[in-house]
Each structure stands twice: as structure tokens, then as C-alpha cells.
> 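This is the structure, below, for whatever I ask next.
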Amino acid sequence: QVQLVESGGGLVQAGGSLRVSCTASGRAFSTYPKGWFRQAPGKEREFVAAISWSGGRTMYADSVKGRFTISRDNAKNTLYLQMNSLQPEDTAVYYCVANRAIRPTPDWEYWGKGTLVTVSS
């Protein structure tokens with residue numbers, strides 16, 4: 001069983017940076033691709049970024065490409081999302097996810113409870 005717990009969300013001004021983290025429990029963590037989705041108020045969940053189990057392959061939504069960086073430290077069972085040049089439209093609850101395969105659709109097997117990121121203008 002994989003359990004995912006996000007942290008690091010908060011309030012930041014437009015143009016600022018924030019890093020959210022996700023700590024996983026469960027021995028399968030190191031072999032699962034991981035990712036981030038987000039959900040803004042009144043909107044559907046959308047794909048943000050994903051990373052392969054080795055970290056050698058990454059995928060980003062066009063809306064965050066060049067601003068966000070996903071990374072992982074398997075020794076620490078931790079996934080990261082570094083977010084730079086944040087904009088008010090990045091305001092959302094950010095969810096950590098894990099699955100046997102990377103896909104840009106929300107049908108991932110494991111989900112955390114989310115962490116709120118609010119970007120003020």
C-alpha cells in the first residue's frame with residue numbers, strides 16, 4: 001500500500017516561488033512513476049507534471065513548462081515540485097499521485113489529500 005502526504009503549500013505573491021513536497025510510505029514507492037495534479041476552485045483536476053521511477057523521464061503540462069520542475073529523491077521517499085514565476089491562475093490544491101504508468105489523465109491509482117497553493121496578484 002502506498003500512502004502519499006503533501007506539504008509545503010501556502011500563500012505567495014505573483015512572480016514568487018514555492019516548493020511543495022510529497023512523502024510516501026510503502027515499499028513500492030521507489031519503483032512507481034509519480035506526479036502532480038491540481039484542482040482550482042470550480043474546475044476539473046488537471047495534470048501538472050510527472051516523473052519516471054528513475055527520474056530520467058519527465059512530462060509537463062504546457063501551462064507550467066519552463067516554470068515548474070518535478071524531481072524525486074527515492075532514498076528519502078520524497079517527491080518535489082519546484083514552482084517559479086507563479087501566477088494567480090496557478091492557485092489550486094496540488095495533489096501528489098503515484099501509478100504504474102505515466103499518463104496526463106487523472107486515472108492514477110494513488111492520491112494524496114492535497115496541499116493548497118494560493119498566489120496573490
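This one's a predicted model, so the numbers in the text were calculated from it and none came from an experiment.
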> What disulfide bond (SG atoms under 2.5 Å apart) pairs are there with at least one residue in residues 59-95, not counting sequence neighbours?
none
> Under a 4.5 Å cut-off applied to non-hydrogen side-chain atoms, are V20 and M83 in contact?
yes
> Sorted by first residue and then second, give each side-chain hydrogen bond (donor to acceptor under 3.5 Å, both in side chains) pair with at least one member in residues 108-121; sequence neighbours left out.
R100-E109
> How close do I102 and P33 get, counting heavy atoms only, and between which atoms?
CG1-CB, 3.6 Å
> Could you tell me which residues satisfy side-chain hydrogen bond (donor to acceptor under 3.5 Å, both in side chains) with S17, sequence neighbours excluded, listed by chain and number?
N84
> Within a strict 4.5 Å, meaning less than it, do heavy atoms of the R72 and W53 side chains meet?
yes
> Side-chain atoms of residues 56-65: list all donor-acceptor pairs with protein atoms under 3.5 Å, sequence neighbours left out, distances to 0.1 Å.
{"unit_1": "Y60", "atom_1": "OH", "unit_2": "I70", "atom_2": "N", "d": "2.9"}
{"unit_1": "D62", "atom_1": "OD1", "unit_2": "K65", "atom_2": "NZ", "d": "3.2"}

> With sequence neighbours excluded, tell me which residues meet ring-ring contact (aromatic ring centres under 6.0 Å, His included) with F68.
none
> Give me each pair satisfying salt bridge (Lys or Arg N to Asp or Glu O under 4.0 Å) with a member in residues 88-99, each pair once, sequence neighbours excluded.
R38-D90, R67-D90
> State yes or no: do V48 and V5 share one hydrophobic cluster built from I, L, V, M, F, W and Y residues joined by side-chain heavy-atom distances below 4.5 Å, directly or via other members?
no
> Side-chain contact test, heavy atoms from C-beta onward, threshold under 4.5 Å: evaluate it for R19 versus Y80 and give yes or no.
yes
> Does any part of the side chain of L4, heavy atoms only, come nearer than 4.5 Å to the side chain of Y95, both counted from C-beta?
no
